[in-house]
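Below, chain A is the first sequence line, B the second, and so on; all start at residue 1.
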2 protein chains.
Amino acid sequence: MTDGEDAAGPDLPERRRGSGVRVVHESLRDEILDLTLPPGSPIDEVELAERFGMSRTPIREALIRLAGEGLVETLPNRSAMVARIDFLNLHHFFDAITLMYRLTNRLAAMNRSDAALARIRAAQADYAAAVAAQDALTMIAANRSFHAAIAEAGGNPYYTQFFLRVLDEGRRLLRLYYQSFDDRLPQEYVGEHDAIIAAIAAGDVEESDRLGRAHADQIVRQIRALLARERRDDPPL
Amino acid sequence: MTDGEDAAGPDLPERRRGSGVRVVHESLRDEILDLTLPPGSPIDEVELAERFGMSRTPIREALIRLAGEGLVETLPNRSAMVARIDFLNLHHFFDAITLMYRLTNRLAAMNRSDAALARIRAAQADYAAAVAAQDALTMIAANRSFHAAIAEAGGNPYYTQFFLRVLDEGRRLLRLYYQSFDDRLPQEYVGEHDAIIAAIAAGDVEESDRLGRAHADQIVRQIRALLARERRDDPPL
DNA sequence: TGTATTTTATTTGTCGACAAGAAAATCGCC
DNA sequence: GGCGATTTTCTTGTCGACAAATAAAATACA
């Protein structure tokens with residue numbers, strides 16, 4: 001046995017030099033997007049260092065990266081915190097994601113390739129499977145992958161990167177939404193996604209645009225309804 | 001005298017705790033955007049630490065932030081380098097900046113306020129002064145501030161942030177462009193900017209859009225011409 | 001002489017420690 | 001008892017050092 005180290009700690013695997021930051025970044029990122037770490041909650045560097053079994057340095061670098069992605073807020077000489085969701089300015093988010101749905105769909109319909117279409121369909125298969133299994137977290141992640149694949153098919157890395165950022169913001173809102181329904185998932189989106197794939201595969205730019213807008217409207221309407229309901233019950237977060 | 005420290009080093013001012021990262025970040029950022037640090041050049045952490053009179057830790061954090069902004073590329077266990085300019089895929093950049101010129105102009109025309117208009121006009125005054133003084137670096141920075149102010153007037157922070165990123169990429173290309181003309185600056189853009197201000201102030205959305213597109217086309221045409229010329233002479237960078 | 005291999009040197013990634021700053025707790029005073 | 005000043009505790013920002021990984025140089029060999 002090689003793991004005869006500290007009696008208390010769960011033996012953490014030897015990691016390759018340089019991989020620490022990546023692990024922490026991805027772990028925290030997922031936890032933030034899944035709302036495992038609630039918006040506004042403080043982030044203690046020492047606590048994370050102990051949890052991941054490394055010093056504060058790589059933790060710190062991961063936090064800086066997350067701050068650059070807008071997932072973490074930092075104040076000088078104060079604890080960092082999980083980025084809050086600005087419920088008062090959600091309409092800006094809705095504007096942006098609607099535009100990007102339309103734009104990425106349009107570009108994908110123009111520039112699609114067989115390989116890109118295959119990736120889109122693969123993501124959609126994951127998505128459908130997650131919905132069938134009523135697995136909200138997997139579904140939300142697959143939804144992001146689906147739209148990310150469409151953006152990739154469009155070919156413009158500037159748009160793709162921006163869209164990913166907006167989609168991640170949306171992941172937190174979607175999680176909030178499905179939490180409020182005990183994570184029961186509707187089938188209807190699977191059909192909408194299939195329609196988008198068909199339009200892109202056919203190279204129908206205008207139809208892809210129209211479906212992108214409809215998809216965005218659908219999501220915006222739901223989240224708005226959720227917020228209105230929450231506001232009646234108790235203040236959000 | 002309090003500065004009786006190292007005989008060699010230019011005495012570096014005492015800095016407040018936490019300000020180190022900001023100083024390094026802003027300094028390097030400006031040097032990268034002004035092409036003082038040429039694309040692709042390696043970045044030595046120790047060298048920077050000596051230059052800024054601090055340890056490697058804050059240097060490193062600044063580099064991570066710059067990498068998040070796409071201004072620095074990092075390879076594992078290898079020196080970081082100033083982000084290269086991908087000349088083969090410039091059309092994606094041109095697409096993105098054209099869209100954002102139009103979009104920010106439109107939104108500014110819709111949502112303008114007196115305060116925002118004042119900021120736009122102030123940036124334009126700086127721009128005109130720099131052109132009159134034939135100061136290329138100041139002009140390029142002021143051009144960025146001008147369009148950033150328009151984006152701010154539009155009110156959507158998602159668009160503003162994305163636009164800033166694209167504009168920064170453009171700053172490097174503009175610098176390249178004016179370097180090739182020995183930094184002699186044309187007057188024509190001052191007029192174009194004035195026209196954009198007028199359209200926004202009048203709330204004329206379609207005209208703002210049209211001017212944004214024309215402005216983008218102008219810049220795209222120039223940079224394309226520069227690249228075609230460079231390609232004839234010698235390979236770019 | 002050219003190529004493969006070992007050795008050296010340079011540069012990064014990580015660590016533990018210390019000090020500055022802020023929040024919390026304690027104390028003194030009215 | 002309430003409020004302000006002081007002390008304490010806690011967390012971050014910075015540092016110097018060490019080890020791993022890579023690049024460069026030197027060496028061995030065909």
Visitor: Using atom CD of E50(B) as one end and atom P of dG16(D) as the other, report the distance to the nearest whole Å.
Guide: 11 Å
Visitor: Under 4.5 Å between any side-chain heavy atoms of T74(B) and L63(B), yes or no?
Guide: no
Visitor: Once you apply a heavy-atom cut-off of 4.0 Å, does E45(B) come out as touching a base, just sugar-phosphate, or nothing?
Guide: sugar-phosphate
Visitor: Would a line drawn from the ring center of F146(A) to the ring center of Y127(A) be shorter than 6.0 Å?
Guide: no
Visitor: Does the plane of the ring in Y159(B) sit parallel, tilted or perpendicular to the ring in F162(A)? Use 30° and 60° as the thresholds.
Guide: tilted
Visitor: With sequence neighbours left out, write down each residue that passes salt bridge (Lys or Arg N to Asp or Glu O under 4.0 Å) with R22(A), or none if nothing qualifies.
Guide: none
Visitor: Step by step, work out the side chain to side chain contact (heavy atoms under 4.5 Å, CB included) result for V82(B) and R172(B).
Guide: CA-CA 12 Å; V82(B) 178; R172(B) 300 209 293 173; 3.6 Å; yes
Visitor: Looking at N111(B) and G154(B), what are the two nearest heavy atoms and their distance?
Guide: ND2-O, 3.0 Å
Visitor: Restricting to pairs with a member in residues 153-170 of chain B, which pass salt bridge (charged side-chain N to carboxylate O under 4.0 Å, His left out), not counting sequence neighbours?
Guide: R29(B)-D168(B), R144(B)-D168(B)
Visitor: Considering only dT11(C), dT14(C), dT14(D), which nucleotide approaches the side chain of P58(B) most closely?
Guide: dT14(D)
Visitor: dT14(D) C1' sits how many Å from R22(B) CZ, rounded?
Guide: 16 Å
Visitor: What are the residues of residues 69-82 of chain B, sorted by number, that bring a heavy atom to within less than 4.0 Å of DNA chain C?
Guide: N77(B), R78(B), S79(B)
Visitor: Between C1' on dA19(D) and CZ on R16(A), what's the gap in Å once rounded to a whole number?
Guide: 17 Å
Visitor: Rounded to whole Å, please give me the gap between CG in D44(B) and P in dT10(C).
Guide: 12 Å
Visitor: Can you tell me the distance, in whole Å, between the CD1 atom of I64(B) and the P atom of dT12(C)?
Guide: 13 Å
Visitor: To the nearest angstrom, how far is M54(A) atom CE from dG16(C) atom C1'?
Guide: 16 Å
Visitor: Looking only at side-chain N and O atoms, does S55(A) come under 4.0 Å of OP1 or OP2 in dC15(C)?
Guide: yes
Visitor: Taking any heavy-atom pair under 4.0 Å as a contact, classify I59(A): base, sugar-phosphate, or nothing.
Guide: nothing
Visitor: Nearest-nucleotide wise, let me know which of R17(A) and R56(A) is further upstream toward the 5' end of DNA chain C.
Guide: R17(A)
